[in-house]
Amino acid sequence: MAKQNDRPTLATVAARAGVSIKTASRVLNGEKHVAASTAVKVETAAEELGFRLNSTARRLRAGGRSPYIGVVLSDAGDAFQARAFAAVEAELAAVDLRPVVTVVGDDPDREEAFLDECLANDLTGIIVIRAHPEAAETYARAASAPGTRIVSLDPAVDSPGIGIVAGDDREAGRLAAEQLLAHGHMALGVIGDQSPSLITTRRLQGIQDAVAGRRGVGWRAYMREDAHDEASAKNVVAAWLGSRSAPGALITLSATLTQGAIDACRRLGEWPALVGIDDFPTAELLDVTVVDRNVESFAAEAVRRLRAGAEPSGAGVEPSAAGAGGGRLGEGNGPIAAETMGHCRVDDSVPDFDNALCVIARGSGEEPPDTR
């Protein structure tokens with residue numbers, strides 16, 4: 001009889017039922033042509049011993065791959081990453097795959113160790129939602145391993161063998177700035193992340209595109225790239241609102257920074273016009289205008305590509321040279337169609353993949369300069 005702390009095996013089940021290991025295996029794997037009385041004995045023995053088949057091991061022995069997918073986030077508290085992970089998890093469940101998650105924070109070594117573990121355990125693939133800014137080389141090495149499948153929603157993780165499913169961040173920055181310029185704002189405070197993020201860089205480029213050629217528009221004097229969380233964003237905005245030379249409108253380059261800015265406005269009772277990039281759960285309740293995308297569609301495309309195998313570098317929704325639209329498969333601009341809600345840009349050359357960027361106008365980004 002197995003000891004209390006021993007894990008039951010197929011052999012112990014067979015011994016308890018009085019059958020061969022092969023017969024016990026046939027019963028527990030649901031194979032036909034086994035006598036009903038024998039099947040009852042094996043099933044009863046397995047239940048009494050608490051035995052469960054290792055479905056992963058069985059799949060691997062049969063030549064299949066692990067049902068597990070490595071998923072990488074840099075910040076579990078970031079609203080975009082949380083939304084993206086929930087969507088990815090739902091898409092994986094629909095095809096009988098399960099995520100194994102790591103949150104790397106500010107530790108690129110932890111990210112490298114996680115990738116090594118994924119490869120060592122023959123996981124079916126890896127989906128990167130957001131990576132550490134210094135981890136691109138680590139992913140390049142991982143992608144070079146035979147049979148490795150990596151798909152990334154982070155455009156900075158770009159190497160041969162990695163599929164990129166990333167939005168047009170340059171266009172997002174341009175839409176945010178144009179929303180405020182259209183309502184008469186000339187002094188734009190821009191709050192970004194201190195990290196050397198490609199996403200931040202592209203969003204800043206988009207803002208620059210929007211103000212290019214416009215006289216009297218100021219934004220560089222108000223640009224802050226040292227806000228990396230809610231607390232630091234709140235401090236930046238509070239300092240601005242308390243000064244005589246405060247900007248008349250704000251652009252926040254991530255949902256986390258938007259939430260920090262709103263907290264500062266709420267505490268001081270001052271509400272300058274504000275447009276944030278990426279939506280978050282309470283934005284509608286707080287009447288916050290945002291530039292957003294269909295996260296569920298991105299997740300579905302990432303899982304589709306993972307199952308099909310990693311595509312060549314650049315096979316994503318990459319910004320064009322002018323930053324005015326979303327291309328795919330490295331082709332630059334695709335056909336652009338205007339949507340009815342807000343200002344949207346849609347690449348409708350790609351069926352069933354909604355990579356639209358929309359300004360969701362809820363009030364904060366539509367305040368004229370003279371209301372403050």
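Under a hydrophobic clustering in which Ile, Leu, Val, Met, Phe, Trp and Tyr are joined whenever their side-chain heavy atoms come within less than 4.5 Å, directly or via other members, V71 and L119 fall into different clusters. Note on V88 and I199: separate hydrophobic clusters, where clusters join Ile, Leu, Val, Met, Phe, Trp and Tyr whose side-chain heavy atoms are under 4.5 Å apart, directly or indirectly. V40 and L49 fall into different hydrophobic clusters, where Ile, Leu, Val, Met, Phe, Trp and Tyr side chains are chained together by heavy-atom contacts under 4.5 Å. Following chains of ILVMFWY side-chain contacts shorter than 4.5 Å, one cannot reach L198 starting from I207, and the two form parts of different hydrophobic clusters.
Checking side-chain atoms of R110 against main-chain N and O of V103 turns up a donor-acceptor pair under 3.5 Å. Remark: the backbone N or O of A273 is not paired with any side-chain donor or acceptor of S364 at under 3.5 angstrom. Looking at Q81, its side chain does come within 3.5 Å of a backbone N or O of S74 through a donor-acceptor pair. The closest donor-acceptor contact from the side chain of S254 to the backbone of L257 lies under 3.5 Å. Checked by atom type and distance alone, the side chain of H185 never pairs as donor or acceptor with a backbone atom of A177 at under 3.5 Å. The backbone N or O of E296 sits less than 3.5 Å from a side-chain atom of N294, completing a donor-acceptor pair.
Residues V190 and L204 have side chains in contact (heavy-atom distance under 4.5 Å, counting atoms from C-beta outward). Within the 4.5 Å cutoff, the side chain of F80 has no heavy atoms near those of the I277 side chain. In this structure the side chain of V359 reaches within 4.5 angstrom of the side chain of T289, judged on heavy atoms. Under the 4.5 Å side-chain criterion, counting only non-hydrogen atoms from C-beta, P99 is in contact with F85. When side chains are defined from C-beta on, D263 does not count as touching E230, because their heavy atoms never get closer than 4.5 Å. Side-chain atoms of P8 and R16, non-hydrogen and from C-beta on, never get closer than 4.5 Å to each other. For the pair L28/R26, no side-chain contact is recorded, criterion being any heavy-atom separation below 4.5 Å from C-beta on. A heavy-atom distance below 4.5 Å is not found between the side chains of D278 and F280.
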Could you walk me through whether Y139 and D154 satisfy the side chain to side chain contact (heavy atoms under 4.5 Å, CB included) test, starting with their C-alpha distance in whole Å, then the side-chain angles of each, then the deciding distance to 0.1 Å, before giving a yes or no? CA-CA 12 Å; Y139 285 99; D154 187 335; over 6 Å; no
Going through the checks in order, is the side chain to side chain contact (heavy atoms under 4.5 Å, CB included) test met by L181 and L188? CA-CA 9 Å; L181 292 169; L188 310 179; 4.3 Å; yes
Full working for side chain to side chain contact (heavy atoms under 4.5 Å, CB included) between N355 and F298: CA-CA 7 Å; N355 65 335; F298 276 72; 4.0 Å; yes
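The existence of a salt bridge linking E178 and R174 is confirmed by a sub-4.0 Å separation between a basic side-chain nitrogen and an acidic carboxylate oxygen.
Atom CH2 in W271 sits 7.0 Å away from atom CG in L286 (nearest 0.5 Å). To the nearest 0.5 angstrom, S159 atom OG is 8.5 Å from I150 atom CD1. In this structure, W219 CH2 and Q208 CD are separated by 5.5 Å, a value rounded to the nearest 0.5 Å. Remark: R170 CZ to L357 CG distance equals 14.0 Å, nearest 0.5 Å. Rounding to the nearest 0.5 Å places CG of D287 at 12.0 Å from CG of L274. Rounding to the nearest 0.5 Å places OG1 of T282 at 5.5 Å from CD of Q259.
Of all the heavy atoms in L153 and R130, the pair that sits closest is O-NH1, 3.0 Å. Here the closest heavy-atom approach between residue Q179 and residue H183 is recorded as O-ND1, 2.8 Å. Shortest non-hydrogen contact noted between G276 and T252 is CA-OG1, 3.2 Å. Taking every heavy atom of both residues into account, A233 and A261 meet most closely at CB-N, 4.3 Å. Residues A84 and A299 share a closest heavy-atom pair of O-CB, 4.5 Å. Here the closest non-hydrogen pair linking A238 and L268 is CA-CD1, 3.8 Å.
By the neighbour-count criterion of 12 heavy atoms within 6.0 Å, atom CG of D106 is sparsely surrounded, having that number or fewer from other residues, nucleotides or ligands. Enclosure of atom CD in E117 is not indicated, since only 12 or fewer non-hydrogen atoms of other residues, nucleotides or ligands lie within 6.0 angstrom.
When each of D75, D78, D229 is checked for a side chain to side chain donor-acceptor pair (under 3.5 Å) with T256, only D78 meets the rule. For the salt bridge (Lys or Arg N to Asp or Glu O under 4.0 Å) criterion with R293, the lone passing option out of D168, D279, D169 is D169.
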